[in-house]
2 protein chains.
Amino acid sequence: MSTPSDTLHPAPTPAHLRERLAGAGLRATQQRLLILECLLVLPGHPTAEQVHRRAAEQAPSLSLGTVYKTLDSFVAAGLTKRVASAEGGSRRFDADCTEHHHLFCTNTQEIIDYCDPQLDKLIREFFATKGLANFQPHSFSLHITGDKLQ
Amino acid sequence: MSTPSDTLHPAPTPAHLRERLAGAGLRATQQRLLILECLLVLPGHPTAEQVHRRAAEQAPSLSLGTVYKTLDSFVAAGLTKRVASAEGGSRRFDADCTEHHHLFCTNTQEIIDYCDPQLDKLIREFFATKGLANFQPHSFSLHITGDKLQ
DNA sequence: ATTGCTGCAAAGTCTTTGCATAGGA
DNA sequence: TCCTATGCAAAGACTTTGCAGCAAT
């Protein structure tokens, strides 16, 4: 299992943040640097509101509208993904754009990342062999619903 | 692949609808019978709005609020599921509560059902062997993103 | 100097709620 | 009859938009 999703992730360096924005072709504004940092640091796939709450600690003038616009531009640039969820509420974002799967905890509503190259291989091979009628698959994401233990 | 999702499904009989509601412990009101029928008949996992639009053809006085309340009670009773989607927009519903997977078409935004017992078996066996740290899985749903051909 | 981003506030979309009335068991 | 579901309309939650001023390249 990848990074645990109930603790803060290690803070990325400013240089790393700039690099990531540049790589996506986005201007490195103060707000974007901060928002990206919050997104990387916050556990459990945060909402725009949660990103704003945390970012506003350092930049109280940052508006929620800007957070929405910024997250949208991150998604458009492929820097961030939106997380699929059957529950209502706000949309949630994921700074990890590598292909991975999600564990949905029925009790806590957490969405936990799950990486497993072996599983990826199994799925890709299954569809390579079997194929899909009239459909060209690009990516696979397994949603595993259940309960976190302990 | 299961029932195609771009054409109407065959209409269920009134008796079948009553039975389904009774099985879920829900009163068989005119509105519920109609809403359930629309849900079963409409392709591609409709929104509350779409269910209302279709149902209102037969019962113009049916309100959108009632459709929302009814769909919520269907979900609570296990008669219907909400569909997970990373796209924004309205929540979408699925009358098929058996375990199955979804194809997400990037172009048309359609969500197409995909059933494959062989795939189910493959996934279940993978996790039976491998296990998940601190997590008890209940169900698996594979999200396949890609493009519908032709 | 340009170009695009930000902040603000207003508007928009989707969903929920409260309550009086109607309808099913 | 009793109790829940419905319809209506208002409120609520979440998100988007327009525009003037500002910051990054």
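This is a predicted model, so every value here is computed, not measured. The sequence lines fix the lettering, A, B, ..., with proteins before strands; numbering per chain opens at 1.
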- Evaluation steps, side chain to side chain contact (heavy atoms under 4.5 Å, CB included), between B:V67 and B:L71: CA-CA 6 Å; B:V67 174; B:L71 290 174; 3.8 Å; yes
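Atom pair B:H52:NE2 and D:dT6:P shows a separation of 12 Å (rounding to whole Å applied). To the nearest angstrom, P of C:dG4 lies 17 Å from CG of A:L21. Taking atom CD of residue B:E87 and atom C1' of nucleotide D:dC14, one finds them 17 Å apart after rounding to whole Å. Residue B:L62 contributes atom CG, which lies 9 Å from atom P of D:dC8 at whole-angstrom precision. Per the geometry, CG belonging to B:L36 stands 16 Å off C1' belonging to D:dA5, to the nearest Å.
Using five terminal pairs a side, the axes of the helix from C:dA1-D:dT25 to C:dA25-D:dT1 at its two ends make an angle of 50°, given in steps of 10 degrees.
Inspection of the A:S73 and A:T70 side chains reveals no N or O donor paired with an N or O acceptor under 3.5 Å.
Of the possible donor and acceptor atoms, none in the side chain of A:H9 sits under 3.5 Å from a partner among the backbone N and O of A:V41.
Note: A:D72 CG to A:R91 CZ = 6.5 Å, rounded to the nearest 0.5 Å. Taken to the nearest 0.5 Å, the CZ atom of B:F93 stands 10.5 Å off from the CZ atom of B:F74.
Qualifying ring-ring contact (aromatic ring centres under 6.0 Å, His included) partners for A:H102, counting only residues two or more places apart in sequence or in other chains: A:H45, A:H100.
For the pair A:D96 and A:K81, the salt-bridge criterion is not met [side-chain N within less than 4.0 Å of a carboxylate O].
Here the closest heavy-atom approach between residue B:P137 and residue B:L132 is recorded as CG-CD1, 4.1 Å.
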- Could you write nucleotides 15-25 of chain C as a row of B, S and -, 5' to 3', where a protein heavy atom under 4.0 Å of any base atom gives B, of only sugar-phosphate atoms gives S, and otherwise -? SBBB----BBS
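Among the heavy atoms of the strands lying under 4.0 Å from A:S61 are primed sugar atoms or P, OP1, OP2 only; no base atom is included.
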